[in-house]
Amino acid sequence: MKHLLKLMDLSTEEIIDILNLADQLKYEKKNGIEHHILKGKTLGMIFQKSSTRTRVSFEVGMYDLGGQALFLSSRDLQIGRGEPVEDTARVLSRYLDGIMIRTFEQKEVETLAQYGSIPIINGLTDYCHPCQVLADLMTIREHKGHISGNKLCFIGDGNNMANSLIVGGIKTGMSVAIACPKEHKPDAEIMKWASENGSFLCTDNVEEAADGADVLYTDVWASMGQEEEAAARKLKFAGYQINEKILGVANPGCMVQHCLPAHRGEEITADVFEAHANELFDEAENRLHAQKAVLVRCMAGNK
Ligand code: CP
Ligand code: NVA
């Protein structure tokens, strides 16, 4: 695997391989076994948006693997003053061994990969969040014992998280249902692909989507960059919430997942959040292990 730009680029086998390696790295970290597979390598981390989990887990992940990470805020980089991505890609490829980028447009990530000569990892765009979903799949397997055959229901905005969950869920054999307002559906091409390649439903009826779910997933109603729409979105998304009532139509033992940060009282109630805190923070922890597996697969052996 050269890059991780979006999950659509990965085969089911590649996804499972990453999850297996992530499980191994998690076990080894907990048992004090170190692997300095990326000794002497540097990952540049370009952030055009805020981050807690992505930044810290990539930085610690590189340290665990014997390498180092550089935090590059777009506020300080020339990219923030208009230097083209094409040039940034070619310059940074001369210094670094890999780049993780969090930005707005997916095209920027694809352009970095096209013009650069080092592995590029997508740390979230408006279109998708592949690293998060690898951690989610790892967490589902850890808690349920298997991924395939589960029903995954996402409730909320059909943007980056929904897009990646559909692709990751269908590729690993889950049935996927999305509940969102009609004007906030996931990417049309992804939905078409999902309908042709697995069991997929998109509806504005939350109960219909959550019926018989094994995993209920949600995300904020207003994503980064949509702060000004927050008030309008609160009205539009009211009801697209994980709460006790909606858990009542899901399967017994249904997991609750959220990429975080969470807004209690909006997309998830405080009671449900606390009742499922163990699963939610396992999910956050697994960002570290899943991304270490991605770093190894993309960067070991590349110089
Ligand atoms: N879930 C996630 O990507 O978190 P951060 O925005 O804190 O990185
Ligand atoms: N949809 C959210 C995900 C944050 C991890 C956002 O883009 O802000």
Side-chain angles (χ1 to χ4, degrees), residues 4-7 22 43 45-62 69 71-74 99-109 121-140 154-168 178-181 183-187 190 215-230 232-234 236-237 240-242 256-264 266-268 273 276-277 279-292 294-295:
L4 176 57
L5 308 181
K6 54 187 184 301
L7 287 181
L43 177 77
M45 308 189 300
I46 302 175
F47 281 94
Q48 309 237 31
K49 293 174 176 174
S50 305
S51 171
T52 296
R53 282 144 287 268
T54 306
R55 178 185 173 176
V56 177
S57 55
F58 267 108
E59 198 158 331
V60 172
M62 279 304 291
F71 174 69
L72 304 167
S73 162
S74 60
I99 296 174
M100 194 264 4
I101 178 166
R102 165 168 286 196
T103 189
F104 294 88
E105 288 182 33
Q106 179 70 15
K107 178 139 196 335
E108 202 171 322
V109 180
I121 299 169
N122 184 341
L124 178 142
T125 60
D126 291 345
Y127 175 71
C128 66
H129 199 359
C131 291
Q132 177 68 53
V133 170
L134 290 170
D136 302 337
L137 295 172
M138 177 181 178
T139 314
I140 292 167
F154 175 88
I155 299 170
D157 192 6
N159 68 343
N160 44 18
M161 282 312 311
N163 285 336
S164 286
L165 284 166
I166 295 170
V167 177
I178 305 288
C180 60
E183 326 73 80
H184 293 280
K185 284 186 184 166
D187 179 80
I190 289 180
V215 184
L216 284 182
Y217 201 116
T218 192
D219 181 17
V220 290
W221 291 341
S223 287
M224 289 182 275
Q226 299 172 335
E227 287 77 8
E228 286 177 7
E229 297 171 33
R233 282 172 168 266
K234 266 189 197 173
K236 240 183 209 174
F237 282 89
Y240 289 89
Q241 184 189 61
I242 301 187
V256 172
Q257 296 278 267
H258 191 312
C259 52
L260 306 181
H263 293 87
R264 291 164 175 80
E266 293 185 19
E267 75 276 3
I268 189 165
F273 187 95
H276 291 266
E279 290 156 14
L280 290 161
F281 293 108
D282 277 351
E283 178 187 15
E285 177 188 332
N286 285 341
R287 293 292 304 277
L288 171 65
H289 311 297
Q291 283 158 204
K292 281 168 71 177
V294 170
L295 289 166

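Numbering of residues begins at 1 and proceeds along the displayed sequence. Remember, it's 1-based here, ligands and their atoms both numbered in the order they're listed.
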Quick check: do E279 and V256 have side-chain heavy atoms less than 4.5 Å from each other? yes
Any idea which heavy atoms bring T54 and G123 closest together, and the distance? CG2-O, 4.0 Å
Donor-acceptor contact present, side-chain Q257 to main-chain Y217, <3.5 Å: no
Show me a pair-per-line table, with atom names and distances to 0.1 Å, of protein N or O atoms that are under 3.5 Å from an N or O of ligand 2.
| unit_1 | atom_1 | unit_2 | atom_2 | d |
| --- | --- | --- | --- | --- |
| ligand 2 | 1 (N) | N160 | OD1 | 2.9 |
| ligand 2 | 1 (N) | D219 | OD2 | 2.6 |
| ligand 2 | 1 (N) | S223 | OG | 2.7 |
| ligand 2 | 7 (O) | N160 | ND2 | 2.8 |
| ligand 2 | 7 (O) | S223 | OG | 3.4 |
| ligand 2 | 8 (O) | M224 | N | 2.8 |

Given a heavy-atom cut-off of 4.0 Å, could you list the residues near ligand 1 in chain and number order? S51, T52, R53, T54, R102, H129, Q132, C259, L260, R287
Electrostatic pair K49-D126, nearest N-O below 4.0 angstrom: yes
For residues I166 and F154, determine if any side-chain heavy atom of one lies less than 4.5 Å from a side-chain heavy atom of the other. no
Any donor and acceptor pair, going by atom type alone, linking the side chain of Q132 with main-chain N or O of L260 inside 3.5 Å? no
Quick one: CZ on R102 to OG on S74, what's the gap to the nearest 0.5 Å? 12.0 Å
For the residue pair F273 and F281, does the interplanar ring angle fall in the parallel (under 30°), tilted (30 to 60°) or perpendicular (over 60°) class? perpendicular
More than 12 heavy atoms of other residues, nucleotides or ligands under 6.0 Å from CD of E229: yes or no? yes
